[in-house]
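Beneath this line is the structure, given in structure tokens, with notes to follow.
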Amino acid sequence: ECAAQAAWGGREIEAFRDIHPTKPIIAVVLDGAEADTVDLKSVLPQQLSAGNKEPLAADLRRSGDGYRLGFLKLVSALSGDPLNQLLQKDTRRRNRRVTLVTTASLFLATILLTLTVRAEWARQDADQRRAEVEGMLDFMLNDLKAELEPVGRLEALSGVAEQAIDYYAKRDASELDCASAIRSIHAFHLASNIHLNRDELTAATDMAERARALVARKKQDCGSVPYFMVADGHSEYWAASPIWRNIAAIELGEVFDEAEYKAQLNALKPYYERYRNAILPLEDIPDQRRTFAIESADTSINIGSVHYYLDEFAQARDQFDVAIESISVIATPEGRLPQGSEEIEPVKTELYTLANALGWKAATSEWLDADQEAIEAREFERQIMYAVATAKPAETDFPALAQALQSEFAILRIKSRAFPDQLQSTDLARLESRVSDLVGTDPTNETWQDLLAKVKLLRSDIEAPSVD
């Protein structure tokens, strides 16, 4: 029997109010309540709604606030602290816990790696110890890297990359089996990435070229191994990456050298074409088609971006269409957008890739005066990122939300220029209000501040009286 139907619960509320008329009653909805019930009035005792008051409660059900947000609402009500302040404290506490676990894991992993590397060459149990070392390297070069890279902590693996490179340098390439060769290549990729983040372009290029050299040495023996094909393609990607920094330097220079700018862009094309050629055989391997779809989309976006900056917009759009078609097979199975955490989490990376390709296509379509096409691409991008942002009701994915709101702004910007009759006066006001709320919860967030400034500027341009 739910609380709304329990007679004694209502009598207790009336008795409490008679004795303590000024004290609040804090309601909590537990999992025992009807899971599909959204209206709190139908779950809570009627006495809480006396005087036509809208009842407030901490809804701990999954379909409501969820345990974390519901618990914080309860704490806020009991302590008097603002809910936003408690949310920020809880987020900082969770981040400190992640940092502590990461630091401890890195410390232990480094100790284990050092000890096993020193013991690896011992005459007894050499094969077993080598397997342990390479298993540890596999974990750090792949799993741990995947955890640290999204949060900008890749620098913590600098020592691991150096030790891995030194470890494999003690053996000639001809002695490496394919699995060891792939791990060695991954170590060069990681080192190149770290040097690139430090703006050490010469060192980044050197690491990438050493990876390419090892690929060339082992291609005859390992060229049919799927993971080697991917490592081959990624070696081309990392060899190309420092060139983008050169291009950025030209753009920011005091004098723009257009000829050098285009020469650097054209220099990227062979790398990305080799990347594509390296992963093409994956398409014909049944259990590698998912990997092929992901890699194909990535390389098509890379090639398309080069065409875009060379003002070759028709070729760029073709590449972005290839990327969208490739990744949609994985990101939107059965032709529909995944909903909810259980569906979105397994394909979250692919959804980001799809949204990225749609954003590039939209920007390209604008240059081709295909404004309606650009709006449709931005709208799909917005839907994807909003679904990702709200997959977990109690834990908003703020980077995804930022991209969703930026897509919405892009749609309004295009409409203001190409289809002013389709732009409602309330659209920008509503978007400005949403972004202002986000700025209020995190005033130091530059993404929200930049977006708010853009929205205000566009709104002022539209609402400004015309001058004849």
Side-chain angles (χ1 to χ4, degrees), residues 130-131 133-149 154 157-158 160-197 203-243 268 270-303 326 349-350 353:
R130 178 177 297 173
V133 170
E134 299 207 349
M136 183 66 70
L137 285 173
D138 215 17
F139 165 74
M140 288 188 286
L141 294 174
N142 294 287
D143 300 338
L144 191 56
K145 175 179 177 289
E147 292 292 328
L148 296 178
E149 189 169 17
L154 210 57
L157 292 178
S158 176
V160 172
E162 293 175 2
Q163 290 188 52
I165 291 170
D166 291 342
Y167 169 72
Y168 286 113
K170 296 174 182 177
R171 297 154 63 185
D172 187 77
S174 61
E175 300 175 3
L176 299 176
D177 60 20
C178 293
S180 296
I182 292 169
R183 280 189 285 268
S184 181
I185 293 167
H186 286 171
F188 285 125
H189 293 169
L190 175 58
S192 182
N193 193 354
I194 292 171
H195 284 302
L196 198 63
N197 291 342
T205 300
D206 178 62
M207 291 294 106
E209 290 300 330
R210 289 177 67 179
R212 293 181 70 220
L214 182 54
V215 167
R217 287 280 305 274
K218 301 299 295 184
K219 183 168 285 190
Q220 183 174 353
D221 297 330
C222 306
S224 61
V225 176
Y227 288 127
F228 186 87
M229 297 176 192
V230 175
D232 183 1
H234 288 185
S235 296
E236 299 298 332
Y237 171 84
W238 287 113
S241 295
I243 299 177
L268 290 166
Y271 290 101
Y272 293 141
E273 290 295 345
R274 288 192 293 267
Y275 182 177
R276 170 172 285 171
N277 291 336
I279 56 97
L280 273 178
L282 293 172
E283 186 176 17
D284 298 324
I285 304 175
D287 64 348
Q288 294 296 321
R289 286 174 183 161
R290 178 188 181 92
T291 301
F292 171 75
I294 296 169
E295 297 296 333
S296 176
D298 285 342
T299 190
S300 294
I301 292 173
N302 290 330
I303 295 172
S326 296
T349 299
E350 289 79 7
T353 300

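Numbers for residues simply follow the sequence, beginning at 1. Quick caveat: nothing in here was measured; it's all calculated off a predicted structure.
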Pairwise side-chain contact, Arg212 with Tyr271, heavy-atom cut-off 4.5 Å (strictly under): yes
Heavy-atom closest contact (Ser235 atom, Val215 atom, distance): OG-CG2, 3.7 Å
Test item: Arg290 and Glu350 side chains (from C-beta on) under 4.5 Å apart, heavy atoms: yes
Heavy-atom pair with the smallest gap, counting every atom of Ser192 and Ala204: OG-O, 2.8 Å
Lys/Arg N to Asp/Glu carboxylate O, Arg276 vs Glu236, below 4.0 Å: no
Audit row: Asp298, Tyr275, side chain to side chain contact (heavy atoms under 4.5 Å, CB included) steps and yes/no: CA-CA 10 Å; Asp298 285 342; Tyr275 182 177; 4.0 Å; yes
Atom pair CD1/OG1 of Ile279 and Thr291 - distance to nearest 0.5 Å: 10.0 Å
Lys218 side-chain N/O to Leu176 backbone N/O, donor-acceptor pair under 3.5 Å: yes
Close side-chain approach of Ser180 and Arg171, heavy atoms under 4.5 Å: yes
Side chain to side chain contact (heavy atoms under 4.5 Å, CB included) between Ile301 and Thr353, worked out: CA-CA 9 Å; Ile301 292 173; Thr353 300; 4.1 Å; yes
Closest approach of Ala240 to Leu268 (non-hydrogen atoms, all atoms of both residues): O-CD2, 3.4 Å
cation_pi(Arg289, Phe292) dist<6.0 Å, angle<=45: no
Derivation of the side chain to side chain contact (heavy atoms under 4.5 Å, CB included) call for Ile165 and Met207: CA-CA 10 Å; Ile165 291 170; Met207 291 294 106; 3.8 Å; yes
Worked verdict on Asn302 versus Thr299 for side-chain hydrogen bond (donor to acceptor under 3.5 Å, both in side chains): CA-CA 5 Å; Asn302 290 330; Thr299 190; 5.0 Å; no
Could you list the donor-acceptor pairs under 3.5 angstrom formed between side-chain atoms of residues 221-234 and any protein atom two or more places apart in sequence or on another chain?
unit_1: Asp232; atom_1: OD2; unit_2: Lys219; atom_2: NZ; d: 2.9
unit_1: His234; atom_1: NE2; unit_2: Glu295; atom_2: OE1; d: 3.0
unit_1: His234; atom_1: NE2; unit_2: Glu295; atom_2: OE2; d: 3.2

Any residue meeting ring-ring contact (aromatic ring centres under 6.0 Å, His included) with Phe188, in chain and number order, not counting sequence neighbours: none
Nearest heavy-atom neighbours spanning Leu196 and Ser241: CD2-CB, 3.6 Å
OH-CZ distance between Tyr237 and Arg274, expressed to the nearest 0.5 angstrom: 15.5 Å
Test: Arg217 and Asp172 ion pair at under 4.0 Å: yes
Gln220 CD: over 12 foreign heavy atoms closer than 6.0 Å: no
